[in-house]
Amino acid sequence: MTVTNIQLDSNGRLKHFLTTEGLSQQLLLDILNHAESFAGVGKRAVKKVPLLRGKTVVNLFFEPSTRTRTTFELAAKRLSADVLNLNIPYSSTSKGETLSDTLRTLEAMHSDMFVVRHDNSGAAHYIASQVAPHISVINGGDGRHAHPTQAMLDMFTIRRHKGTFSSLVVAIVGDILHSRVARSLIHALTTLGVCEVRVVAPNTLLPAEVEKLGVHVFHDMRRGLADADVVYMLRLQRERMRSALLPSENEYFYRYGLTREKLAVARPDVIVMHPGPINRGIEIESSVADGEHSVILEQVSHGIAVRMAVMAMVMGRFHDNNAEGT
Amino acid sequence: MRIKISNGHIINPATRVDRVGDIYIADGKILSLSDAPDGFKADREIDATDKLVCPGLVDLCAHLREPGAENKATIASETSAAVTGGITSICCPPDTRPVVDTPAVAELIHQRATQVNKARVYTLGAMTFGLAGERLAEMDTLKRAGCVGISNALAPIENTEVLRRAMEYAASCDLTLHLFAEDSHLRNQGVAHEGAVSTRLGLPGIPETAETVAVSSALLLIEQTGVRAHFCRLSTGRGVAMIAEAGRRGLAVSADVGICHLHLTEMDIDGFNSNCHLRPPLRSQRDREMLQQDVADGSINAVCSDHQPHDADAKSAPFSLTEPGASTIELLLPLMLHLVNRKHINLTTAIAALTINPARILGLRAGNIDKDMPADICIIDTDTAWNVDNAALVSAGKNSPFHGWELTGRVTHTLCGGIPVFER
């Protein structure tokens with residue numbers, strides 16, 4: 001078993017979307033192109049297309065989330081699917097029902113797609129390996145491993161601003177170690193052929209051998225941001241201060257917080273991104289978060305179009321002979 | 001029963017025997033390796049032509065799950081599996097439920113094994129009560145109850161003063177201390193080797209230093225206390241190198257490795273393969289090569305199965321939530337022969353690491369085909385290729401990482417105390 005093949009059906013088409021790792025450049029471009037076709041739907045008077053009419057999408061969230069769950073829900077509804085939101089606190093599965101029992105129960109309700117968020121790396125792969133063959137699984141974030149729809153909406157946002165990928169320098173700043181967003185984004189950036197991907201962080205927030213992901217490592221923020229086209233700030237969880245990873249929020253902000261002054265070394269047309277929610281004054285100062293380089297709110301709205309594209313693709317709605325579906 | 005094993009290729013590293021010959025057995029003991037004793041009349045003759053005849057294997061570590069986790073496996077199921085792989089002596093760690101910190105639990109295990117009557121089962125006693133790492137267990141009492149060493153199993157001893165006192169006391173009782181070297185703070189919540197693969201999969205990592213730091217502090221305490229110490233389940237080449245160096249300085253230390261770590265690496269957990277979720281974790285390719293070399297040159301004395309049978313549910317979950325360990329007891333010998341076939345280790349060294357060396361570490365009269373020794377013997381067909389099929393494992397645990405592997409060589413007969421306990 002490899003990480004990648006479980007995502008594709010026997011014809012090489014997307015069946016589950018679990019990680020951006022190991023997918024072809026063309027497939028990632030297909031996601032962006034289909035998302036482009038959905039980008040206008042939200043602005044129409046009737047914000048719906050009938051691609052997934054009669055399908056049931058289950059948002060299966062084992063970890064709290066507001067924006068990811070909401071945008072998945074909106075995306076499914078705009079595709080005319082029925083949506084079931086299940087927030088399963090961690091404790092209830094540990095009380096007896098195993099994850100596979102939960103899945104069996106949901107399958108019995110004739111679900112067609114699971115959107116899964118779980119705090120353990122590999123949870124989406126596990127679920128994809130367990131579900132009935134007609135069910136597709138979309139990873140809404142698993143542990144530190146992957147958050148592929150976030151990465152694709154980020155790529156979508158970058159392409160809208162920069163046009164192409166090949167000449168870009170992208171700097172990802174902050175807690176790479178614990179970040180599924182960073183991992184998925186790095187795979188997407190390298191697959192889509194950006195010129196250089198940098199990670200900027202202290203050693204305590206970098207995973208082992210991170211350079212093997214194809215990135216350049218910087219500990220100094222000004223050097224890491226020099227001539228960058230895209231600056232991607234990661235959220236810093238306050239709990240990191242309680243372990244031995246970082247001394248204080250103040251010191252972190254001094255070294256790695258994004259300020260106007262640090263941003264000045266990047267290219268004049270740099271865009272500033274963040275997966276949200278933002279910790280103002282910890283990883284980014286308000287004047288930058290709300291400033292002219294920030295595209296943070298665009299990322300959120302692009303999330304709906306990108307998730308629509310992925311949902312329609314895994315349900316086979318763009319296959320040549322199957323445009324109407326069943 | 002009087003048995004003659006005829007015309008087999010006998011390999012007995014303890015006496016450096018490596019020749020074709022016959023073995024005469026009576027009343028559970030080996031009578032002769034050369035000529036038929038006067039008046040010997042075999043009740044049964046086993047033709048071992050073109051086969052290897054070796055001492056029954058001594059497995060330094062296999063979790064039999066009884067008492068406490070009979071839903072996973074039992075002494076009956078696992079000793080039945082063991083003898084299909086030529087194992088006739090099994091040492092189980094003290095982390096049963098309840099823990100082997102009282103003679104009653106040790107006696108229970110010995111009694112169950114005697115009732116089943118397949119392989120000999122020995123147990124290590126707990127180093128601390130409840131394996132809690134605080135109060136010393138009654139080591140001498142456990143020794144008198146038959147425990148062949150003491151250990152805190154996989155449970156950490158965070159207080160190094162407790163470790164020091166345990167070593168001093170064990171040395172006073174002439175007990176070997178079996179030590180699983182892992183710094184629990186450096187391991188933290190880790191579930192996989194800290195390296196490129198754990199980074200890619202987003203799995204919390206266990207750094208190499210979780211082992212090497214623990215080995216280095218243990219070695220200093222071993223030197224201070226003079227205890228006889230055995231390092232269990234090493235996973236890093238550097239850890240082994242430190243122990244081998246201490247051995248050359250004259251410390252009474254030995255070391256073993258689990259069979260999985262000689263075959264698999266961090267790459268094998270790719271795809272979140274929970275059957276490769278082990279503790280210690282599978283490490284880098286370089287570590288695997290160093291460990292193979294360490295077995296070949298004797299820096300590692302013994303290879304064990306580190307058998308950990310699990311029920312299906314224990315392995316069916318997101319990777320971090322699965323229980324570590326692999327079902328390996330019946331694959332130990334075939335997997336060792338696989339290394340021999342690939343010229344990583346020579347045959348005599350491989351057999352020694354499975355027989356006489358672990359027997360010496362445990363102080364057992366076993367692992368040696370010699371006159372008057374117990375007739376614990378396995379006979380191996382080294383030519384037949386076969387495929388590992390997890391569903392077909394005799395063990396109650398089907399969680400082997402080797403499903404689908406083609407291996408060459410398989411046990412055809414196992415004798416324990418002169419009784420054929422397995423034939424294929």
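Just so we're clear, the structure is a prediction, and the values are computed from it rather than from any experiment. Below, all heavy atoms of this structure are taken into account, side chains as well, without hydrogens, waters or symmetry copies. Here is how names work: the chains are called A, B, and so on, in the same order as the sequence lines, proteins then strands, and each is numbered from 1.
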* Determine whether the aromatic ring centres of B:His344 and B:His338 lie less than 6.0 Å apart. => no

* Centroid-centroid distance, A:His274 to A:Tyr232, less than 6.0 Å -> no

* With a 4.5 angstrom heavy-atom cut-off, could you sort out which part of A:Arg180 is near chain B: side chain, backbone, both or neither? => neither

* To do: Go through B:Ser316, B:Ser274, B:Ser320, B:Ser198 and name the one with the most non-hydrogen pairs under 4.5 angstrom from chain A.
  => B:Ser316

* Verify whether the ring centers belonging to A:His118 and A:Tyr126 lie closer than 6.0 Å. => no

* Side chain, backbone, both or neither: which part of A:His187 has an atom under 4.5 Å from a heavy atom of chain B? -> side chain

* To do: Using the six-membered ring wherever Trp is involved, compare the ring planes of B:His263 and B:Trp405 and label them parallel, tilted or perpendicular (cut-offs 30° and 60°).
  => perpendicular

* **Side chain / backbone / both / neither for A:Glu211 at chain B, heavy atoms under 4.5 Å** => neither

* Interchain contact, B:Pro204 with chain A, by part (heavy-atom threshold 4.5 Å) -> both

* Which distance, rounded to the nearest 0.5 Å, do you find between the CG of B:Asp313 and the CG of A:Leu99? -> 11.0 Å

* To do: Sort out for me which of B:Gly205, B:Ala196, B:Gly195, B:Ala317 touches chain A most, counting heavy-atom pairs under 4.5 Å.
  => B:Ala317

